[in-house]
Amino acid sequence: MYCSSSAIVNLSNKISPLRACVRLFANQATWQTKPYKLHKMDEGPSTDVTVTREDALLLYREMMRIRRMEAAANALYKEKSVRGFCHLYSGQEAVAVGMEHAIDKDDQVITAYRAHGWTLVRGVPADKILTELTGRKSGCAKGKGGSMHMYNHNFFGGNGIVGAQVPLGAGIALANKYSGNNRICLSLFGDGAANQGQVYEAFNMAKLWSLPCIFVCENNGYGMGTSAERAAASTEYYTRGDYIPGLWVDGMDVLAVREATRFLAQACREGKGPFVVEAATYRYHGHSMSDPGTSYRTREEIQGVRQQRDPITSFKDKILNADLVSSEELKSIESEIKNEIDEAVKRAKGDPEPPIEELTADIYVNPLEPYVRGTTPFTNLSHIRINKPVNIS
C-alpha cells in the first residue's frame, strides 16, 4: 500500500499518516521451539529459531505446495486415475521442507515410500510427480515407478521395501566419506520401519566407520495400522541408535526441524556423524489409500491435530502475528500454487502413456545381452537402451 499525496505533505509535521498508509514489515523474527531431547549429546541446537521475511515466504510456499499436491493426488486416486499404491505426505510437510532448507543440493536424501513431498522439495516439478502417479511417459520416472519410486539428482527416491533405504543411505554416506566430498546423506524411515533388523545393522556400520549420515525417523504415530505404543517396547526412537548420538525434534515446527538439521549437518561435516533424529509428526490420511485411517484412531484425534498442531497453519499464524508477511501475500502464494497444481492435474490426465516398447528399456545401464527373456524362454524381447535421461526440469 502506498501513501496519498496529503500524507506526504504532512510528513514534516507528523509521522502517523505515513504509518496509516504504509505497511511496515519486520525483516526477521525469533521464536522459542519446544525443547529438544538429547541422547549421548553434551549440547544441542539452539531453541531460539530465527526466520527472515524472505525465508518465511519460501517455507510457507513449499509446505503449501506439498499440501495442495497431495490433495490433488488424493483426488486422482479416488477417481481411479492413479492405480497401485499411493502414500500421502499430508501433515508431515514441516519435516521435508525444514530439512531440505538446512542441507545443500549436493547432499543426498533417500526415504521410504511416502515420498511425494520429498520428491517435490528435491526439485522435481509437481507436474512430473503427478504424471508419474498416473503412469504417463512425462513422469519423473517415465511413468514406470509410480508413487513409491521417484528419483532426482541426489535424491535416491522412495523405496518400496520397509526399512531397505536405511542401509542404502549408509552406503551413500560411505561413498561420500570414501571420496572426501564433504557431503552428507539423510536416510529417512518411519516408526514402523524402526523395528526392522537391517536398520540396526546399518546403525552399527555407520557408527563403526563414522559415516556422515543422519538417520531420520519420521514418527507419525502409526505404522500400517498400529500405534507406535502397541508396536514398540521403546518409542524413544532418537535413542534407538544406542551408541549413536540422537535428538528428538518437534516435526510439526518447520523452524525447529531446520535448526536441528543445520546443527547436525555441520557436525557430520566435521566428522562427528552419524546421528539419529526422531521427528515427531503426524499423517492425516491412512497408511495408504486402501486404509481409511480411522479404524485404529478416532476422527476427533485427527481433527485435534489439524486444529492445534498443523505445521502450515501454525507457521502461518506465527509469521502473520510477527508482521513478517501480510495475509494478502499468503493468499497470492496460495492462488499461484492452486494454478500450478491445477495445470499439473491436467497433464496427469492428458499426457500419453509410455509405449509398449518401454517395457524392455532401462533394465540395465550397460546391457551385456541384446535380448531380455519374455514370458517364456522362447519369447525373447529386444533390450532397449536409452542413453538420454528423462528431463524433469
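Since the structure is predicted, the reported quantities are computational estimates derived from the model, not experimental observations. Heavy-atom basis, side chains included; hydrogens, waters and symmetry copies ignored.
Judged by the 6.0 Å and 45° rule, Arg240 forms no cation-pi pair with Phe203.
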Val162 vs Gln196, test: side-chain contact (heavy atoms from CB on, under 4.5 Å). Steps then yes/no. CA-CA 8 Å; Val162 177; Gln196 291 283 313; 4.0 Å; yes

Go through it in stages, so that I can follow the logic: the residues are Leu57 and Glu329, the test is side-chain contact (heavy atoms from CB on, under 4.5 Å), and I'd like the CA-CA distance, side-chain angles, deciding distance and then a yes or no. CA-CA 8 Å; Leu57 290 169; Glu329 285 178 304; 4.3 Å; yes

Could you walk me through whether Ser314 and Met252 pass the side-chain contact (heavy atoms from CB on, under 4.5 Å) check? CA-CA 9 Å; Ser314 60; Met252 304 298 264; 5.9 Å; no

Let's go through Glu54 and Thr52 carefully: what are the C-alpha distance in whole Å and the side-chain angles of both, what is the deciding distance for side-chain hydrogen bond (donor to acceptor under 3.5 Å, both in side chains) to 0.1 Å, and is it a yes or a no? CA-CA 5 Å; Glu54 181 182 5; Thr52 64; 5.2 Å; no

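Taking hydrophobic clusters as Ile, Leu, Val, Met, Phe, Trp and Tyr residues chained together by side-chain heavy-atom distances below 4.5 Å, Met63 shares a cluster with Leu88. With hydrophobic clusters built from ILVMFWY side chains whose heavy atoms lie under 4.5 angstrom apart, Phe275 does not share a cluster with Ile172. Hydrophobic clustering (ILVMFWY, side-chain heavy atoms < 4.5 Å, transitive): Leu168 and Val216 are in distinct clusters. Note on Val276: it does not cluster hydrophobically with Leu38, by side-chain heavy-atom contacts below 4.5 Å among ILVMFWY residues. By the criterion of side-chain heavy atoms lying less than 4.5 angstrom apart, applied directly or through intervening Ile, Leu, Val, Met, Phe, Trp or Tyr residues, Val97 is grouped together with Val51 in one hydrophobic cluster.
Using a 4.0 Å cut-off between charged side-chain N and carboxylate O, Lys346 and Asp342 make no salt bridge. The existence of a salt bridge linking Glu334 and Lys331 is excluded, since no basic side-chain nitrogen approaches an acidic carboxylate oxygen closer than 4.0 Å. Look at Glu340 and Arg61 and you find no salt bridge, because none of the NZ, NE, NH1 or NH2 atoms lies under 4.0 Å from a carboxylate O.
Other residues, nucleotides and ligands contribute over 12 non-hydrogen atoms within 6.0 Å of the CD atom of Glu79. The environment of CG in Asn27 is sparse: at most 12 heavy-atom neighbours from other residues, nucleotides or ligands sit within 6.0 Å.
Put simply, the side chain of Leu59 reaches to within 4.5 Å of the side chain of Leu255, judged on heavy atoms. Taking 4.5 Å as the limit, some side-chain heavy atom of His101 sits within range of a side-chain heavy atom of Leu58. In this structure the side chain of Glu236 never reaches within 4.5 angstrom of the side chain of Trp248, judged on heavy atoms. Residues Val124 and Met150 form no side-chain contact, since every pair of their non-hydrogen atoms from C-beta on lies 4.5 Å or further apart. Contact annotation: the side chain of Ile363 approaches that of His383 to within less than 4.5 Å [non-hydrogen atoms, C-beta and beyond]. Ile161 is not listed as a side-chain neighbour of Tyr113, based on a closest heavy-atom distance of 4.5 Å or more. Here the side chains of Leu130 and Met69 are in contact, with some heavy-atom distance below 4.5 Å. Contact annotation: the side chain of Met41 approaches that of Leu264 to within less than 4.5 Å [non-hydrogen atoms, C-beta and beyond].
With hydrogens and angles disregarded, a donor-acceptor distance shorter than 3.5 Å links the side chain of Tyr77 to the backbone of Gly84. Remark: the backbone N or O of Val109 is not paired with any side-chain donor or acceptor of Asn154 at under 3.5 angstrom. At distances below 3.5 Å, at least one donor-acceptor pair connects side-chain atoms of Lys144 with backbone N or O atoms of Ala361. A donor-acceptor contact shorter than 3.5 Å is absent between the side chain of Lys142 and the backbone of Asp362. The backbone N or O of Pro352 lies less than 3.5 Å from no partner atom in the side chain of Arg136, so there is not a single donor-acceptor pair. The backbone N or O of Phe156 lies less than 3.5 Å from no partner atom in the side chain of Gln108, so there is not a single donor-acceptor pair. With hydrogens and angles disregarded, no donor-acceptor distance shorter than 3.5 Å links the side chain of Gln32 to the backbone of Asp48. Within the 3.5 Å criterion, the main-chain N or O of His287 finds a donor-acceptor partner in the side chain of Arg114. Of the possible polar contacts, none joining the Thr226 side chain to the Gly223 backbone as a donor-acceptor pair under 3.5 Å is found.
Residue Gly169 comes nearest to Cys213 through the heavy atom pair O-SG, 4.0 Å, listed as atom of the first residue, atom of the second, then distance. Here the closest non-hydrogen pair linking Leu247 and Ala260 is CD2-CB, 3.9 Å. The minimum heavy-atom distance linking Thr360 with Ser382 is given by the pair OG1-O, 2.8 Å. Nearest approach of Gly123 to Asn152, heavy atoms of both residues: C-ND2, 3.6 Å. When every heavy atom of Leu76 is checked against every heavy atom of Ala348, the shortest pair comes out as CD1-CB, 4.2 Å. Between Gly221 and Asp191, the closest heavy-atom pair is N-OD1, 3.7 Å.
We find the CG-CG distance between Asn159 and Leu188 to be 12.5 Å, quoted to the nearest 0.5 Å. Atom-to-atom distance recorded for Lys207:NZ and Ile244:CD1 is 7.0 Å, nearest 0.5 angstrom. In this structure, OH in Tyr243 is found 9.0 Å from CG in Leu208, a value given to the nearest 0.5 Å. With values rounded to the nearest 0.5 angstrom, Thr375 atom OG1 is found 10.0 Å from Asn380 atom CG. Distance check: Gln303 CD to Gln307 CD gives 4.5 Å after rounding to the nearest 0.5 Å. Atom-to-atom distance recorded for Leu174:CG and Ser179:OG is 9.5 Å, nearest 0.5 angstrom.
Between the side chains of Tyr282 and Glu301, at least one donor N or O sits under 3.5 Å from an acceptor N or O. Side-chain atoms of Asp351 and Thr131 include no donor-acceptor pair closer than 3.5 Å. Residues Asp310 and Tyr284 bring a donor and an acceptor atom of their side chains to less than 3.5 Å of each other. In this structure, a donor-acceptor pair under 3.5 Å is present between the side chains of Thr50 and Thr30.
The salt bridge (charged side-chain N to carboxylate O under 4.0 Å, His left out) analysis of residues 93-103, with sequence neighbours excluded, yields the pairs Arg67-Glu93, Glu100-Lys105, Glu100-Arg122. The stretch residues 252-273 participates, sequence neighbours left out, in these salt bridge (charged side-chain N to carboxylate O under 4.0 Å, His left out) pairs: Asp55-Arg258, Asp104-Arg269, Asp107-Arg269, Asp253-Lys318, Glu270-Lys272. Note on residues 292-322: pairs passing ring-ring contact (aromatic ring centres under 6.0 Å, His included), not counting sequence neighbours, are Tyr222-Tyr296. The salt bridge (charged side-chain N to carboxylate O under 4.0 Å, His left out) analysis of residues 211-235, with sequence neighbours excluded, yields no pairs. Among residues at least two apart or in separate chains, there is no ring-ring contact (aromatic ring centres under 6.0 Å, His included) pair with a member in residues 39-66.
Applying the salt bridge (charged side-chain N to carboxylate O under 4.0 Å, His left out) rule to Glu70 yields no partners; only residues at least two apart in sequence or on another chain are considered.
Between Phe85 and His149, the ring center distance fails the sub-6.0 Å criterion. Outside the 6.0 Å centre-distance limit, the rings of His116 and Tyr89 are not counted as a close aromatic pair.
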